[in-house]
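What follows is one structure encoded as structure tokens, with my remarks underneath.
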Amino acid sequence: MDKYKILLVDDERSEREGVSFLIERYGYPLEIKQASNGQKALELMKREAFDILFTDVKMPVMDGLALAKEVAEAYPETVIIIFSAYSEFDYAKRAMEAGVVNYLLKPVEVEEFRSCMESVIERIRKNRAEATQDQEHQERVQEALLHRVLLSRRVPEGEEEALRELLFAGEQEGCLPVFFEFTDNYFEHNAEAFQKMARVYLQAVTFLEILPGIAYLLLRSPEYKDATRLKEQLEKLLKALKRQQECLVVVGKMVFSLEELLAQLTEMDEARKEVFGYGDRILYAGDGGDRQARYARDIEDVKNDIFSAIEEQETDRIREGCRKLHSSLSASRGLSRIYIQHLLYSIVKELYDKMPQVGYEDALIMAEEFFSSKTPEKVLSDFSAVVDRILTAVPEESGEESELIARIKRFIQKNYKSELGLGDVASAVGLAPAYVSHTFKKETGQGIVEYITELKMKKAHQLLKDKSLKIVQVAKICGYENQSYFNKLFKSYYGMTPVQYREGL
């Protein structure tokens, strides 16, 4: 049972004790404090909140009506009860007409006292429940708004101020977005556990699950301006999670305005698209910003020529371009090792994109060595070996990309009612999960899990038009045993619950 707080104010101790006795006798859920006059009562209320003020009228220093007026203005949520003799009724009546108080006569009649207290406690209980519902509703509205922003990376018209108030008002010192993507529907069964662990390792966190395999954290702690500290905690979090799936983490920068947040989300999405595979990696959006100023024109020209040769599937031209690039990079002393790594890795990724017949596993393992090599010379040596391995594996014709995507989509459309994940799709088409994920995202602009979820949501949207189907049936048809989770996901997509959608038909 909820507990409430009551302040008893009377200059006569015996009167206060009498009321206290009745409260305890009838077991009202009230924590009792006392004051001997209005001034002391007001000082006490400034230090702690009370649900009920129970006050006499005639008292020294500050009388009950003056106290009631002060409390009604400063603490309108506090219910006021005037407790006074009949001869002072005219004073109390004026206060009652102002809508401020309840009134009890001295000496108190037990039944009248009980009726008054039970009525007041019930009113407070209802007010508290309504306030809780309003707060929960507001939180749901805010969460839905953030979902839309994070998914689309744009602000719905007219919602700018609401978002600024939510994210950057008051004492907030900005927020740092962190993106998680799992290979399967990790959050469908582990959202609560993930949120709990994120709070353990990252403290001030707003958790926003977007899709079954995707989530954002908005970190509030200023200590994460230190990238090394954040990386350490993220690594600990990944190790602590009980999971089978690999995970990709993309870390943004601390932002202090809505405009900065949208720009950072775009950078994070670009960083995410550049990744080949998952491998429990932690990437940092915008790492390429400093390197852009150091790009050499001739190196960029060679790279573009290689990309063109890859597009045309001209292996001799690819080999010649890679030899030129090797020579140019060897002669360039102003470029960082990290820049060289990312440049070469982008070429290998492009080869994977356009040549699916490549011996994936061996080549990827070799390409990963780019990021463990200690010198640019070793990176270049590894790169040459990888390119040679890839081009040796490429047959004369390679044109099955579109057919591969068609096969993937046919499989998903046939089996979307099951609990599908990336591993299931990859197994069905006989290819490695990372390759399937990357190729599908490259050609369609969506991840596998995003496509599956979107397909399910569109099917649910269609089925809900048939009012003969219960919502729980629609959820199960679309592959969701947990109706609560289905409702939440539907709302994040369409901005309303399934019930609200049906009511609007």
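Scope of the values below: all heavy atoms of this structure, side chains included, with no hydrogens, waters or symmetry mates. In this text the structure is predicted, and so the values were computed from the model without any measurement.
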- prompt: Is there a donor-acceptor pair under 3.5 Å between the side chain of Ser115 and the backbone N or O of Glu111?
  reply: no
- prompt: Between the main-chain N or O of Ala66 and the side-chain N or O of Asp63, is there a donor-acceptor pair closer than 3.5 Å?
  reply: yes
statement: Heavy atoms of Ala285 and Gly252 approach each other most closely as CB-CA, 4.4 Å
statement: So CG of Leu146 and CG of Leu208: to nearest 0.5 Å the spacing works out to 5.0 Å
query: Do Asp11 side-chain atoms and Asn37 backbone N/O form a donor-acceptor pair below 3.5 Å?
result: no
message: Rounded at 0.5 Å granularity, tell me how far CD in Glu15 sits from CG in Leu8.
response: 11.0 Å
task: May I ask you to test the Leu230-Leu176 pair for a side-chain heavy-atom distance under 4.5 Å?
output: yes
message: Taking the side chain as everything from C-beta on, heavy atoms only, tell me whether Met45 gets closer than 4.5 Å to Glu70.
response: no
- prompt: Can a salt bridge be assigned to the pair Lys253 and Glu267 using a cut-off of 4.0 Å between side-chain N and carboxylate O?
  reply: no
message: One pair to check against side chain to side chain contact (heavy atoms under 4.5 Å, CB included): Tyr103 and Cys116. What are the steps and the verdict?
response: CA-CA 8 Å; Tyr103 185 77; Cys116 177; over 6 Å; no
Which atom pairs, one a donor and one an acceptor, fall under 3.5 Å between side chains of residues 476-483 and the rest of the protein, sequence neighbours left out?
{"residue": "Asn482", "atom": "OD1", "partner": "Ser484", "partner atom": "N", "Å": "3.0"}
{"residue": "Asn482", "atom": "OD1", "partner": "Tyr485", "partner atom": "N", "Å": "3.0"}

Thr497 (side chain) donor-acceptor with Asn487 (main chain) under 3.5 angstrom: no
message: Looking at Arg199, I want to see if its CZ is surrounded by more than 12 non-hydrogen atoms of other residues, nucleotides or ligands under 6.0 Å.
response: yes
field: Approximate separation, where rounding is to 0.5 Å, of Lys69 NZ and Met62 CE
entry: 11.0 Å
field: Pairing of Glu122 and Arg125 as salt bridge, 4.0 angstrom limit
entry: yes
- prompt: Got Val425 and Phe411 here, is their nearest side-chain heavy-atom distance under 4.5 Å?
  reply: yes
message: If we count only N and O atoms by modelled type, under 3.5 Å, do the side chains of Glu235 and Tyr201 hold a donor and an acceptor together?
response: no
- prompt: In this structure, are over 12 heavy atoms from other groups packed under 6.0 Å from Lys467 atom NZ?
  reply: yes
Donor-acceptor under 3.5 Å (Ser492 side chain, Leu489 main chain): yes
query: Any chance NZ of Lys40 has more than 12 other-residue heavy atoms, nucleotides or ligands included, within less than 6.0 Å?
result: no
- request: For Glu454, look at atom CD and say whether over 12 heavy atoms of other residues, nucleotides or ligands are found less than 6.0 Å away.
  value: yes
field: Neighbour count >12 (heavy atoms, 6.0 Å) for atom NZ, Lys488
entry: yes
message: For a 4.5 angstrom cut-off between non-hydrogen side-chain atoms, does His461 reach Tyr493?
response: no
- request: For side chain to side chain contact (heavy atoms under 4.5 Å, CB included), just list the numbers for Leu7 and Thr55, CA-CA rounded to whole Å, side-chain angles, deciding distance to a tenth of an Å, and then say yes or no.
  value: CA-CA 8 Å; Leu7 178 57; Thr55 181; over 6 Å; no
message: Counting neighbours of NZ on Lys458 that are heavy atoms of other residues, nucleotides or ligands and sit closer than 6.0 Å, is the number greater than 12?
response: no
task: Side-chain contact test, heavy atoms from C-beta onward, threshold under 4.5 Å: evaluate it for Leu65 versus Ile82 and give yes or no.
output: yes
- request: Measure centre to centre between the rings of Phe194 and Phe180, then say whether the value is under 6.0 Å.
  value: yes
task: Could you tell me the separation between the CG atom of Leu261 and the CZ atom of Phe256, rounded to the nearest 0.5 Å?
output: 12.0 Å
statement: side chain to side chain donor-acceptor pair (under 3.5 Å) with Asp10: of Arg16, Lys58, Lys106, only one passes, and it is Lys106
- request: In sequence, state the C-alpha distance, the side-chain angles, and the governing distance for Gln39 and Glu43, and then conclude on side chain to side chain contact (heavy atoms under 4.5 Å, CB included).
  value: CA-CA 6 Å; Gln39 187 63 48; Glu43 291 171 359; 3.6 Å; yes
- line: Between Val449 and Gly213, the two heavy atoms sitting closest are CG1-N, 3.9 Å
- request: Mind checking the OH-OG1 spacing from Tyr451 to Thr444? Nearest 0.5 Å is all I need.
  value: 8.5 Å
- prompt: Quick check: does any side chain N or O of Glu160 sit under 3.5 Å from a backbone N or O of Glu157, one acting as donor and the other as acceptor?
  reply: no
query: Under 4.0 Å between a Lys/Arg side-chain N and an Asp/Glu carboxylate O for Glu159 and Arg154?
result: no
For the student: nearest non-hydrogen atoms of Ile80 and Ala68, plus distance: CD1-O, 3.5 Å
- prompt: Taking 4.0 angstrom as the limit, do Glu143 and Arg140 come out as a salt bridge?
  reply: no
query: In terms of the angle between their ring planes, are Tyr28 and Tyr26 parallel, tilted or perpendicular, with boundaries placed at 30° and 60°?
result: tilted
- prompt: Which residues pass the side-chain contact (heavy atoms from CB on, under 4.5 Å) test with Val108, sequence neighbours left out?
  reply: Leu22, Phe83, Phe113
- request: Calculate, to the nearest 0.5 Å, the distance between atoms CZ and OG belonging to Arg13 and Ser20 respectively.
  value: 9.5 Å
message: Is the distance from the ring center of Tyr494 to that of Tyr501 below 6.0 Å?
response: no
statement: Between Phe440 and Gln446 the two heavy atoms that sit nearest each other are CD2-O, 3.3 Å
Under 3.5 Å: donor-acceptor pair, side chain of Asp466, backbone of Leu463: no
- prompt: With a 4.5 Å heavy-atom cut-off, do Thr206 and Tyr216 have their side chains touching?
  reply: no
Close side-chain approach of Phe187 to Gln195, heavy-atom, < 4.5 Å: no
query: What closest approach, in Å, do Leu211 and Glu209 show between heavy atoms, and which atom pair accounts for it?
result: O-CG, 3.7 Å
query: Of Val472, Leu464, Val474, which meets side chain to side chain contact (heavy atoms under 4.5 Å, CB included) against Pro498?
result: Leu464
query: For the residue pair Pro29 and Ile121, what are the closest heavy atoms and their distance?
result: CD-CD1, 4.1 Å
- prompt: Do Arg220 and Leu167 come close enough that some side-chain heavy atom pair is under 4.5 Å?
  reply: yes
